[in-house]
2 protein chains.
Amino acid sequence: MSDLHTSTEVAIERMREAILSGDLRPGEKLHQDKLAEMLGISRTPLRTALTALAQSGLVSYESNRGFYVREFSFADVAGAFQVRAELEATACRLAASNMSEAAERNLFELVEEGDRLLSSDSLPPENLVPYRRMNVCFHTAIMNLAANPWIRTFVESLHNVPLASDRVIMWRDFYVIRRSHDDHHRIARALSLGQGERAAAIMREHITFALEHLHTQLEQFPGDFLRVPTVDPRPKRARARNQNRRNTA
Amino acid sequence: MSDLHTSTEVAIERMREAILSGDLRPGEKLHQDKLAEMLGISRTPLRTALTALAQSGLVSYESNRGFYVREFSFADVAGAFQVRAELEATACRLAASNMSEAAERNLFELVEEGDRLLSSDSLPPENLVPYRRMNVCFHTAIMNLAANPWIRTFVESLHNVPLASDRVIMWRDFYVIRRSHDDHHRIARALSLGQGERAAAIMREHITFALEHLHTQLEQFPGDFLRVPTVDPRPKRARARNQNRRNTA
DNA sequence: TTTGCACAGAATGTATCCAAAATGGCTTAT
DNA sequence: ATAAGCCATTTTGGATACATTCTGTGCAAA
């Protein structure tokens, strides 16, 4: 299964989950003793994990003062979308030069899978996870075709920004999803025709609009976005944490 | 001085230096005992430092098998330039909308400083470090003006790719430097005129050409690029390491 | 000769313990 | 009453010791 062999790796993964899912709240102090006990490990691997997460930007750190869950402003989130739009647009431009028979087929298969999942006039809840999976695969496939490892690396790290992740998709408005998938159609077609610039333009707008839509949704349904189901909802006992929050009063 | 308060932070910084300067060679195994002794610290902070460097991509790691200095292919280096070109071009586009009186003045001051450093018909060795400093400041200033923290973050992490760093500049051909600085002039002017797209285009080419030139130089003078002087050449005893290099033959 | 196993040595991963630094409350002087 | 300074407690950082995993060598069997 999971190739997480060491406590450190497990701790990194669990804490990432906990932070992205909101179990650990932004700004929250990460007490080493408590966290270590909570995860059932000692402070050594925990500290290592925290350092790693600090490097990847999910937690902040001050010497001799400890670790805190990093707080992201809306500007951070918006910036993440902006950069993601540029990076993935670049990926499209590059991918257009690297298309192969197989790559083309792969993209169209993903698009068709999306068609199936959206074939009714709504997205049934049981199709939500598969659709998200398809979406991730589609974007990842293009970045792989771009044959530039940095694009993937950076886009992945942008997915660690709470609201900028692929795991957050606005499921309220079916038309938006349909239109978004329409973009996928056009991108795949453009790429297969070697129209890199066109694919890039569509991709840029595809992601830019996602931000705009997120913004709208946030104003309309504020505070409804931190409890996001994870892609891999295996049981985690790291959850039993934020009970005793109020006794700070 | 340096705000590195803990051994861990010192270790991170030293090892980054050692790797980027080539004292630790690509692919080299990083023995924890030896390294710890070498740095005069115990394995605990060293391991933390290694984990951090692994996250930021300078070293690779396999569970229970240890850390290695990451090897970069030329494709990696080329990809780093490619992405850097896009990111910094984006920074220009964004910066153009955020220009202020002070920002404009700052950019022009940097450009003029470059003029002074290049005023003779060659770059005297004692001007090398100041010029490089100016160059870093210029690029950083634009990214700051873009007001998108991710651009800076990612470009900084691309500077951790050995040959893609600002610390590697081809000093052989004075005309290339002059022309490169000419780009700075035009970028500053374009930004001050609100010509974001133009600035972006110049910046993209500015960086793309740097790669092309690096490529040429690598073919012409291979193997001459790993011994790069560091910006901050304070004495480091981590150096006393690569004596026994030839006995790999 | 080659393949597989076992054991010894070494290196990694983790826990525990100690030192250093910071936080918070208290006293004291103004 | 307020503010500065000092001490106790808490928390972090690092060193050491222990457990686990891996590697490589040698021997035995096919």
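In what follows, chains are A, B, ... by sequence order, proteins preceding strands, each numbered from 1.
We find that CZ of Arg47(A) is positioned 18 Å from P of dC18(C), with the value rounded to whole Å. Rounded to an integer number of Å, the gap from Glu9(B) CD to dT12(D) P is 15 Å. Atoms NE2 (His5(A)) and C1' (dG13(C)) sit 13 Å apart, rounded to a whole Å. Atom-to-atom, OH of Tyr68(B) to P of dA11(C) comes out at 11 Å; the value is rounded to the nearest Å.
For Thr6(A) against dT14(C), no side-chain N or O and base N or O form a donor-acceptor pair under 3.5 Å. No N or O donor and acceptor, one from the side chain of Arg43(A) and one from the base of dG14(D), sit under 3.5 Å apart.
The minimum heavy-atom distance between Arg84(A) and Leu158(A), with the atom names listed, is N-CD1, 3.8 Å.
Judged by closest nucleotide on DNA chain C, Arg65(B) is the one of Arg65(B) and Arg65(A) placed further toward the 5' end.
Considering only heavy atoms from C-beta on, Thr90(A) stays 4.5 Å or farther from Leu87(A) through its side chain.
Considering only side-chain N and O atoms, Gln32(A) lies under 4.0 angstrom from the phosphate OP1 or OP2 of dG13(D). When the side-chain nitrogen and oxygen atoms of Thr44(A) are compared with OP1 and OP2 of dT14(C), none of them lie within a distance under 4.0 Å. A close approach under 4.0 Å does occur between a side-chain nitrogen or oxygen of Lys29(A) and OP1 or OP2 of dT12(D).
Checking dG14(D), dA15(C), dT12(D) against every side-chain atom of Pro45(B), the shortest atom distance belongs to dG14(D). In this structure, of dA15(D), dA15(C), dT12(C), it is dA15(D) that holds the atom nearest to the side chain of Ile41(B). For Asn64(B), taking side-chain heavy atoms from C-beta onward, the closest of the listed nucleotides dT21(D), dG14(D), dA15(C) is dT21(D).
The number of heavy-atom neighbours closer than 6.0 Å to CD of Glu156(B), taken from other residues, nucleotides and ligands shown, is above 12. Summarising the local packing, CD of Glu126(A) is surrounded by more than 12 heavy atoms from other residues, nucleotides or ligands at distances under 6.0 Å.
With rounding to the nearest 0.5 Å, the separation of CG in Asn160(B) from CG in Leu58(B) is 4.5 Å.
As judged by a 4.0 angstrom heavy-atom cut-off over every strand, Thr8(A) is placed among residues touching the sugar-phosphate backbone only. Note on Ser7(B): only backbone sugar-phosphate atoms sit closer than 4.0 angstrom, heavy atoms only; bases stay farther off.
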